[in-house]
Each structure stands twice: as structure tokens, then as C-alpha cells.
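Notes follow once the structure below has been shown.
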2 protein chains.
Amino acid sequence: MSTHDALRGLPTLRQVAEAAGVSIKTASRALNDEAHVAPITYERVKKAAAELGYRPNLLARDLRSHRTSNVVAMVIADVSNPFYLAIAYAAGQVLAAQGLLLFTGVSDEDPASEARVISGFLERRVAGLLVVSSRTDHRHLQHHAESRTPTVFLDRPGHGLEVDEVMFDNVGGSRAAIDHLLAQGHRRIGVIGDLGSLPTHRERIAGVRRALAEAEVPIDEGLIITDAHDADGAEAAMRQLLTLPSPPTAVFATNNRMAVGGMRAVADAAHPPALIGFDDVELADVLGVSVVSNSPADMGTVGAEMLLERIHGRAGRRRRVRLPTELVVRRSTATPLE
Amino acid sequence: MSTHDALRGLPTLRQVAEAAGVSIKTASRALNDEAHVAPITYERVKKAAAELGYRPNLLARDLRSHRTSNVVAMVIADVSNPFYLAIAYAAGQVLAAQGLLLFTGVSDEDPASEARVISGFLERRVAGLLVVSSRTDHRHLQHHAESRTPTVFLDRPGHGLEVDEVMFDNVGGSRAAIDHLLAQGHRRIGVIGDLGSLPTHRERIAGVRRALAEAEVPIDEGLIITDAHDADGAEAAMRQLLTLPSPPTAVFATNNRMAVGGMRAVADAAHPPALIGFDDVELADVLGVSVVSNSPADMGTVGAEMLLERIHGRAGRRRRVRLPTELVVRRSTATPLE
DNA sequence: TTGAAAGCGATACCAC
DNA sequence: GTGGTATCGCTTTCAA
């Protein structure tokens, strides 16, 4: 990343060596705590380094060294969603325990931006990569031969790439939500969904359809709204559903953003529809809103562990892990439909 | 960051040059779109690079180049708090517009971890540094001469360092909150505060004391709880306040984590105290909770702009910016005390 | 235990 | 327009 150390005023290994009156190599050995350094020499070098305020230039080290870097990179699509940060946090904890640093970049759900961020990391030769992708095609990674860097995709699959993945049981979670609503007597069930292009969203919608089909409840396409995109969009979607001639008696929001928007829309409603979301939402407990709960922390932990194995040389085919979800029933869906 | 490109199977500039039948230098010129390259040569090099899947080794480039890196680093203390992510997001947008990448590291409110993360970035020679610090002493940065890298501290000051800072008007915001409660007739006002070591917290408490003093309302130290640390701690603190022989009629939560805990504690209360928080909280609108609102997005934007100026060579003394806050009154404090 | 020399992959300077 | 050569700061042989 930049400008000569000399220009920046930072001392180099050579200067430390000169100050200590030893060769560059000996200084290097001492500073890296390698064997075969006389105690006196060791002390002299350490002292000189401390006095000069020496900091190694990791660009030079990593360029030359065969050892693997101590940095793992993570690319996140959307930082406004606490869900992804919980993943990052957990992954960071696992990696830190192994002496690895986790650096994060944001793509803001923009494929071009994602490519830039990933390139920025790969071209700096990070040890591994965790990706929550906003792309539906990742062959560009393969073509650039970049995939030599161990990589794990989180929450969203790596299309066209032979890489490890960790995802939630989206279909199962959605089915649990819908089955619950059906059991409460609901038959007109609305759905507020995120971007139709998102694999998670598609799987969740598939779960909805399957649950309804198995219960032999006819599907009213007018009740399924997609591409709500964010909380504001979801709020509008909910209002739209409620003004229908025959509005739904229950609504399933396919992720936490959708749920937040839904809650806003029914905040002042005299007779709000039953509401259940996917993903946890902070304060959903206070508001008494049911959710299909999942553990982004587990996703981060499992993903980081899988990545570590690859970094440590694990070979073999790609692994695809599905993490379970859990139905959490609260006031918003606790009352059976009369 | 690591391992030879050759070992990784990545092609080097030399291989591209050979494939194109030109010298290394010419290949470099073409790939960097420099002037003085014959169109035919240019095409040949580009084609060779594409076929080989060439990716520049930025370690080597940045090591040699005098140009400044295109990476700015940000260190965040706590990723579980959406507040800091809003800062990061806004900063990233500003930097991206200038072609800079923002990479983020997390310290998890641990001083030692913060030092590791900052070193990891500085030793890779990032172009600039944005820091939300969890340390109360930053002289180690100065001693290590690392501070040659342009740096801006956000939300929390850089103690003992001559660096730019962007903070909120914590004192003013707190005073506005307390003045509002006083105007509503409250005299027994409780406070739920974060770690006493945090400068932001201290300023907010100072604002509380000043407002009470000016109104000549005696301060009951038993109503001021600090070190609640997180939402769970705040919840416990609120319960503690409510079980007091003479409980407060209003409570001020000094940040968003404290506010969330406070809301949880009074969720089922028949006669909850008036409640006002500092920082926005998602769904506070739905729950009707008043807040002292601020703009982490502005903080990120302003901080990034100040950093850019330093990166572009701005000299001069440190600047300390204070961003304003805004009182947002909702149901939780809308009813005057009888 | 220590050091001299080569080299990592790329850019800068200066000839041609 | 093009290419040779030195160099960036550090690690890695291999010899002393």
C-alpha cells in the first residue's frame, strides 16, 4: 500500500541493523524471534528497534516470504443490516484465536463494487476470503485464477464456483413459518419479500409455496410481493397488502429488513394482521413479533472454521453446510384466527 | 500478505511480457494505461494478460511505488452497534467516490486488539486511518512513529495525539434531553450510562449535571447508574431504578444500547417512567420512544473528507469538529408529569 | 552464531 | 515507443 518508508520517515530493517551494529539478516532473525541468535545480540537488536520505533514493512515481508499472510478478508454486501455484522463478528473471534486478523470490505449490494473489493484483497494476497456475495455469477473469479485463495461463501451461494458454502435452511424455515400460520387458521397469507434476485429470498419463497401446496391452500399471487428491497419498501408493501379488497389475515416477512418495514406499517393499525419475520430483529421481543430465528454467529463461526481448514491445506470437494432455524412464537401470531 | 505468486499459480508480469513478446517494462506500461505505448503493443499485452488471468501483485507495486495506496483503513470498537456501521458506510461512500477502498477491522472494545488491528493496517502502509478507539491513551501510536499515516479519530478523541477528530455535541445533546424532561415537570431523573471510561459517556453525564445544576434541581447520585456496558446491563439497571423506594419519574439512557435495555425493562410496566435515549434506535419510532438524534452518516462523511484532505497533503494544526444533535420527542416523554 | 548475495514482483530512471 | 537496470524492504539460501 504505499510510499517508501524512507519518505515516510519510518526506519527500515537496515537502519535497525546499523544501529545495533549487526547485519540485516541478524537483525531480522532477532526481531522474528528465530533460533540461533546470541542473547546479547538479541537484546541489542530489540533495543535498537524500540528506540527507532521500528515497524516491519509487511508488504516487503509478505512479498518475499513463503509463509501465509495473517489476514483474512471478508466482503459484506450490506452493512446496514446487523445480521451480516453478527456473522463478521463471530468469524473474527474464531480467526483471532488463531492469530489471524479479519479485515472487512463492503460491496453495498453492487456487483461491480464487490469485484473491486475482492480484487483489492486478492491482489494483496490475503490468506483467505469470506464472501457474502451480491452477485449471481462468480465465474469472473474463476477465470482470473483468483480462486487459488481459500474461499468460503456465506449466506449466499457462489454460483459456478467450486467453493465451500454455509447457508441457512431457508426452505425449512419458511415452511415452519407458514405451517405455523396455517395451524393458527390463516388461509390468506401475504408475503413481503426482498429482491427477487437473491437466492435466499428465492429459497424462502419456495418454502412458502411448498407449505401452501402441501396444505392444499390455493396460492393468491396478489398476496406475494417481492423486490421490496429495504425497510421502506417493505412498509409500502405492507400498506398495499392491507388496502386490498380482501386483505391477508397474516403476513410473512422474508427477512429482518422486511419485518421492520412491516412492523412500521402496522404500528398504528387497530386490527393488524398476524406478522412473522425471518431472521431475528432487535426489539422484536419488546414488540412481541414472532420470527424464524437463526444464528448469524453460528454462520460466522462455522464459515471461519471451514476457511481455516482450507488455509491449513485441506483438500477435497466443496462442502455445503445448511444451518438450522428455529420458530419463535410471540404475541403477533399467538392468537388463532376465529 | 503471502506466498509466492508462482507457488500460487498466478502469472506474474514477467510471464505476461513473455507471452506478449515484449519487455517487462512495456507490459507494465500497457497494463497501467500509461502513455507512449503503440496501439498494437497495447492490445497484445492486454490480450496476453487476459488469457493468463493476470492480476497485479499489489504488495510488489505498493512496495516499489511512490504513489499512495488506494486503501483507507477503519478501526471500529463495536460492530454489534449499528451506529458505528452507519459511520463506516458513509465514510466508505465518500472514499469510493475518490477511487479509494475502505477496509475495516474490529477491536471489540479491547485496547490490545485495537493495537493489533491498527498495526496490521499501518504495517501494510494504508493511505489513511479512521479510528473509533477503545483506548484512553494513544501515545503508543506516536512513539512508534506510525502517526505519519494521516489519521482521523471518530466519536472518541485521540488522547495525547495531535490528530483530527470528529465528535458529537455530547454535552449539548444531553442538556437538551434533560431540559426537555425538566420542562415536562420531572424532578427525579434517572440516568443509565455506558462504561464510565468512555469519553462520550463522560461528556453526556457532564451535560446531565450541568442541566440539573442550572435548573437548581438537586442531583441524587443514586439515580445515576454507570458501567451498564450493554443492553442487558442497561435492562438490569432500569429494573434497579424502578425498584427504588422513590423511583425516578423519567430516565435518560446515554446511548442506543442503554436505550434498548431500558425499553426491554419497561416493556410490560403498567406505568413506565418517561424514557429518552441518546442516538437513534431502529424501531424507536414504532415504540414511540424519544431520542436525542444524531447523524453517524454525517460523522462518517465529514471524517472521510477530513482524512482525504490530509491524504492530499493538507498541513496545519489538528481540527476538532463537533456535530450537532437534535431532540426528537415521541410518546415516551410527551405527557407532562402531573 | 553470523553474514553476503540473490530474489520476491513490480515501478522509476535513463538511455536508445 | 521500447527496454535494461537499479531498487523497494524483507526473507531465504548457503557459506563462513
Side-chain angles (χ1 to χ4, degrees), chain A residues 1-45 49 52-70 122-125 145, chain B residues 1-45 49 52-70 122-125 145:
Chain A
M1 315 187 182
S2 97
T3 67
H4 282 188
D5 284 355
L7 288 185
R8 241 186 196 170
L10 291 179
T12 67
L13 182 59
R14 151 179 248 116
Q15 292 170 43
V16 173
E18 282 171 4
V22 298
S23 78
I24 283 188
K25 179 54 199 158
T26 301
S28 168
R29 266 194 281 257
L31 293 174
N32 287 312
D33 292 321
E34 286 176 26
H36 308 304
V37 179
I40 314 167
T41 314
Y42 180 86
E43 290 305 332
R44 262 221 311 264
V45 173
L52 291 172
Y54 172 75
R55 308 261 66 196
N57 184 327
L58 263 39
L59 297 177
R61 168 182 295 174
D62 290 342
L63 174 60
R64 187 66 182 86
S65 172
H66 279 214
R67 290 183 315 202
T68 193
S69 152
N70 71 333
L122 291 179
E123 287 165 8
R124 286 184 175 79
R125 308 304 190 253
Chain B
M1 320 188 185
S2 94
T3 68
H4 284 186
D5 284 356
L7 289 184
R8 243 187 196 168
L10 291 179
T12 67
L13 183 58
R14 152 181 247 114
Q15 292 170 45
V16 172
E18 281 171 6
V22 299
S23 77
I24 282 188
K25 182 56 199 151
T26 301
S28 168
R29 266 195 281 257
L31 292 174
N32 287 310
D33 293 321
E34 286 176 26
H36 308 304
V37 179
I40 312 166
T41 313
Y42 181 86
E43 289 304 333
R44 263 220 311 262
V45 173
L52 292 173
Y54 172 76
R55 308 262 65 196
N57 184 326
L58 263 39
L59 297 177
R61 168 182 296 175
D62 290 342
L63 175 61
R64 185 65 183 89
S65 172
H66 278 215
R67 290 183 314 202
T68 193
S69 151
N70 71 332
L122 291 179
E123 288 164 7
R124 286 183 174 80
R125 309 302 191 255

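Lettering follows sequence order; numbering is per chain, from 1. What you are looking at is a predicted structure, and each value in this text was computed from that prediction instead of being measured.
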Candidate pair Asn32(B) and Arg61(B), rule side-chain contact (heavy atoms from CB on, under 4.5 Å), full reasoning: CA-CA 11 Å; Asn32(B) 287 310; Arg61(B) 168 182 296 175; 3.1 Å; yes

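Nearest to the side chain of Leu63(A), among dG3(C), dG9(C), dT11(C), sits dG9(C). Side-chain atoms of Arg29(B) lie closest to dT2(D) of the nucleotides dT2(D), dC10(D), dT11(D). When distances run from any side-chain atom of Ser23(A) to the nucleotides dG1(D), dG3(C), dG9(D), the shortest one goes to dG3(C). Closest to the Val37(A) side chain, of the nucleotides dG9(D), dT2(C), dT2(D), is dT2(C). The side chain of His36(B) has dT2(D) as its nearest neighbour among dT1(C), dA6(D), dT2(D). Nearest to the side-chain atoms of Tyr54(A) among the listed nucleotides dC10(D), dG9(C), dG3(C) stands dC10(D). Considering only side-chain atoms of Thr12(A), the nucleotide from dG9(D), dT2(D), dT2(C) that sits closest is dG9(D). If you check dT13(D), dC13(C), dT2(D) against the side chain of Lys25(A), the one that comes closest is dT13(D). When distances run from any side-chain atom of Val22(B) to the nucleotides dG9(C), dT1(C), dG3(D), the shortest one goes to dG3(D).
Regarding Asp62(A), its CG atom lies at a distance of 16 Å from the C1' atom of dG7(C), rounded to whole Å. Atom CD in Glu34(B) sits roughly 12 Å away from atom C1' in dT2(D) (whole-Å rounding). Note: CZ (Arg124(A)) to P (dG9(C)) measures 17 Å, nearest angstrom. Rounded to whole Å, atom C1' of dA12(C) lies 14 Å from atom CD1 of Ile24(B). One can place CG of Leu13(A) at 15 Å from P of dT2(C), the figure rounded to the nearest angstrom. Spacing between atom CG of Leu59(A) and atom P of dA10(C) amounts to 14 Å, rounded to whole angstrom units. Across the protein-nucleic acid pair, Arg125(A) atom CZ and dC10(D) atom P stand 20 Å apart, rounded to whole Å. In this structure, CG of Leu10(B) is placed 15 Å from C1' of dA10(C), rounded to the nearest angstrom.
Within the 3.5 Å criterion, the main-chain N or O of Leu59(A) finds a donor-acceptor partner in the side chain of Asn57(A).
Contact between the side-chain N/O atoms of Arg61(A) and the OP1/OP2 oxygens of dT11(D) is found at a separation under 4.0 Å. Between Thr41(B) and the phosphate of dG1(D), there is no side-chain N or O to OP1/OP2 separation shorter than 4.0 Å. Applying the 4.0 Å criterion to OP1 and OP2 of dA10(C), one finds that Ser28(B) has every side-chain N and O outside that range. Contact check, Asn57(A) against dC8(D): no side-chain N or O comes under 4.0 Å of OP1 or OP2. Between Thr26(B) and dG3(D) there is a side-chain polar atom (N or O) within less than 4.0 angstrom of OP1 or OP2.
Proximity of Arg29(B) to Val45(B): side-chain heavy atoms (C-beta onward) are nowhere separated by under 4.5 Å. The shortest side-chain heavy-atom distance between Leu31(A) and Tyr54(A) falls under the 4.5 Å cut-off. Inter-residue side-chain proximity for Leu13(B) and Pro56(B) is flagged as unmet; no heavy-atom pair is nearer than 4.5 Å.
Taking for each of Tyr42(B) and Arg14(A) the nucleotide of DNA chain D with the nearest heavy atom, the 5'-most of the two is the partner of Tyr42(B). Mapping Ala60(B) and Gly21(B) onto DNA chain D by nearest heavy atom places Gly21(B) closer to the 5' end of the strand.
Using a cut-off of 4.0 Å between Lys/Arg side-chain N and Asp/Glu carboxylate O, Asp62(A) and Arg124(A) are scored as not salt-bridged.
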